[in-house]
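Read through the structure below, which is laid out as structure tokens, and then see the notes.
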Amino acid sequence: MKTCFVVCPIGEDGSPERKRSDTVLKHIIQPVCTSLNFDVVRVDNIHDVDRIDATILEYLTSAELVIADLTDHNPNAFYELGYRHALGKPMIPIMEEGTRIPFDLSNVRTISYVTDDLDKAASAKDKIKETIIALNIQEATTNPEESLQRSNEINPVPYLLNIEDGIEEIKSLILSKNDELIEKIFSMSVNQIQKNAARPEDKALELFLTTLMSDPSKAESLIEMAEKFEKLK
């Protein structure tokens with residue numbers, strides 16, 4: 001069975017941090033990972049630990065998957081996620097809804113969750129599940145050549161999932177701005193993003209549109225570009 005190592009702020013027994021982490025583990029992470037044949041491990045649930053720091057590094061290195069909860073910007077969680085990132089191994093950052101995503105993680109698909117809304121919790125579970133499936137994680141192997149081959153494989157699906165999240169964010173911003181001009185530009189441009197999502201220039205367009213939503217005064221300067229995209233259909 002594959003292992004999913006969970007990184008999160010644990011806190012003291014009875015603390016808000018512990019209650020939130022326990023809820024996320026029990027009701028969001030475990031059901032998804034168990035359904036995909038992962039054994040879920042959190043360091044405080046290991047009862048035979050002599051040196052916690054060594055055990056954490058061992059799991060960060062050997063686990064097929066790491067899910068890191070970065071809520072409250074816990075420094076240990078960031079350190080452990082950075083360690084895992086340096087290894088180039090599969091990881092999924094998650095955050096409680098409303099947590100600011102640090103700039104250095106803005107290009108990594110970070111999944112938001114809530115613990116007091118069943119529909120939103122279900123949505124988080126769905127996103128975690130589809131991300132794990134997209135990563136196509138195989139059980140650890142002792143064959144060095146096979147491990148090297150897998151590490152060199154490029155999987156475009158997580159990149160496309162990032163674009164999908166970006167599109168949803170733009171839609172949400174449009175609804176909140178209620179600006180007809182921006183909505184017209186978006187409707188023309190998003191068709192191109194969806195049709196050609198694998199192209200880097202379309203990812204750049206998506207990011208540019210996100211910036212535009214925060215400053216509608218720049219909308220008129222984008223009309224000509226949007227009309228060009230329309231003619232390319």
Side-chain angles (χ1 to χ4, degrees), residues 3-36 38-46 52 56 59-60 63 65-85 89-135 137 158-159 161-176 206-207 210 213-214:
T3 298
C4 172
F5 184 58
V6 176
V7 171
C8 63
I10 296 174
E12 301 294 332
D13 286 336
S15 66
E17 293 82 4
R18 174 66 66 87
K19 291 179 180 178
R20 182 186 63 230
S21 293
D22 287 347
T23 299
V24 173
L25 181 68
K26 181 178 179 180
H27 298 288
I28 296 179
I29 297 176
Q30 279 186 333
V32 172
C33 290
T34 300
S35 71
L36 296 175
F38 281 86
D39 180 30
V40 179
V41 177
R42 197 174 71 181
V43 70
D44 63 309
N45 294 329
I46 304 172
I52 292 180
I56 289 174
Y59 273 103
L60 289 173
L65 172 66
V66 168
I67 295 180
D69 189 345
L70 304 179
T71 304
D72 297 334
H73 292 181
N74 180 274
N76 289 336
F78 274 98
Y79 171 80
E80 292 163 27
L81 181 68
Y83 184 91
R84 177 73 175 190
H85 179 71
K89 294 188 174 183
M91 61 182 190
I92 302 175
I94 64 174
M95 285 182 175
E96 187 172 32
E97 187 177 274
T99 303
R100 179 181 58 82
I101 300 177
F103 175 78
D104 290 345
L105 286 176
S106 59
N107 63 338
V108 179
R109 192 189 201 207
T110 303
I111 298 172
S112 296
Y113 68 82
V114 297
T115 57
D116 58 357
D117 185 314
L118 293 178
D119 289 336
K120 288 186 176 180
S123 175
K125 289 168 64 176
D126 289 342
K127 287 187 176 182
I128 292 173
K129 185 172 185 177
E130 71 180 12
T131 302
I132 294 175
I133 293 173
L135 289 171
I137 300 168
Y159 172 79
L161 292 175
N162 269 337
I163 294 180
E164 179 184 350
D165 288 346
I167 290 173
E168 291 302 318
E169 180 182 354
I170 295 172
K171 288 180 180 177
S172 176
L173 287 169
I174 284 177
L175 291 176
S176 65
E206 177 206 340
L207 295 174
T210 304
M213 296 307 107
S214 64

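The basis for the numbers below is simple: all heavy atoms, side chains too, and nothing from hydrogens, waters or symmetry mates.
- Sorted by first and then second residue, the salt bridge (Lys or Arg N to Asp or Glu O under 4.0 Å) pairs involving residues 69-79 (not counting sequence neighbours) are Arg20-Asp72.
- Nearest approach of Phe38 to Leu65, heavy atoms of both residues: CE2-CB, 3.8 Å.
- Legend: residues meeting ring pair (Phe, Tyr, Trp, His ring centres under 6.0 Å) with Tyr113, ordered by chain and number and at least two apart, are absent.
- Between Thr3 and Tyr59 there is a side-chain heavy-atom pair separated by less than 4.5 Å.
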### Message
With side-chain contact (heavy atoms from CB on, under 4.5 Å) as the criterion, how do Ile128 and Ile28 come out once you've worked through the C-alpha distance, each side chain's angles and the decisive distance to 0.1 Å?
### Response
CA-CA 9 Å; Ile128 292 173; Ile28 296 179; 3.8 Å; yes
### Task
Please report the C-alpha distance between Asn74 and Glu17 in whole Å, then the side-chain angles of each, then the deciding distance to 0.1 Å, and finally whether the side-chain contact (heavy atoms from CB on, under 4.5 Å) criterion is met.
CA-CA 10 Å; Asn74 180 274; Glu17 293 82 4; over 6 Å; no
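- We find the SG-CD distance between Cys4 and Gln30 to be 9.5 Å, quoted to the nearest 0.5 Å.
- Applying the side-chain contact (heavy atoms from CB on, under 4.5 Å) test to Ser35 and every residue at least two apart in sequence or in another chain returns Lys129.
- Partners of Asp22 under the side chain to side chain donor-acceptor pair (under 3.5 Å) rule, at least two apart in sequence or in another chain, are Arg42.
- Applying the salt bridge (charged side-chain N to carboxylate O under 4.0 Å, His left out) rule to Asp119 yields no partners; only residues at least two apart in sequence or on another chain are considered.
- Evaluation of the ring pair (Phe, Tyr, Trp, His ring centres under 6.0 Å) rule for Tyr83 yields no partner, not counting sequence neighbours.
- Listed by chain and number, the residues in a salt bridge (charged side-chain N to carboxylate O under 4.0 Å, His left out) with Asp39 amount to none (sequence neighbours excluded).
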Compile the donor-acceptor pairs under 3.5 Å between side chains in residues 92-99 and protein atoms, sequence neighbours left out, one pair per line.
from: Glu97; atom 1: OE2; to: Lys120; atom 2: NZ; distance (Å): 3.1
from: Thr99; atom 1: OG1; to: Glu96; atom 2: O; distance (Å): 2.8

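- Ring geometry for His73 versus Phe78: interplanar angle over 60°, hence perpendicular rather than tilted (30 to 60°).
- Heavy-atom minimum distance, Pro90 versus Ile137: CB-CD1, 3.9 Å.
- Rounding to the nearest 0.5 Å gives a distance of 11.5 Å between CG of Leu70 and CZ of Arg100.
- Scanning for side-chain contact (heavy atoms from CB on, under 4.5 Å) contacts around Glu80 gives Val7, Ile56, Leu60, Asn76, with sequence neighbours left out.
- For the atom pair OG1 (Thr131) and CD1 (Ile111), the distance works out to 4.0 Å, reported to the nearest 0.5 Å.
- With sequence neighbours excluded, no residue forms a salt bridge (charged side-chain N to carboxylate O under 4.0 Å, His left out) with Lys26.
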### Task
Just do the side-chain contact (heavy atoms from CB on, under 4.5 Å) check on Cys33 and Ile67 with the steps written out, would you?
CA-CA 10 Å; Cys33 290; Ile67 295 180; 4.0 Å; yes
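- Side-chain contact between Leu81 and Met91 is present, with heavy atoms from C-beta onward closer than 4.5 Å.
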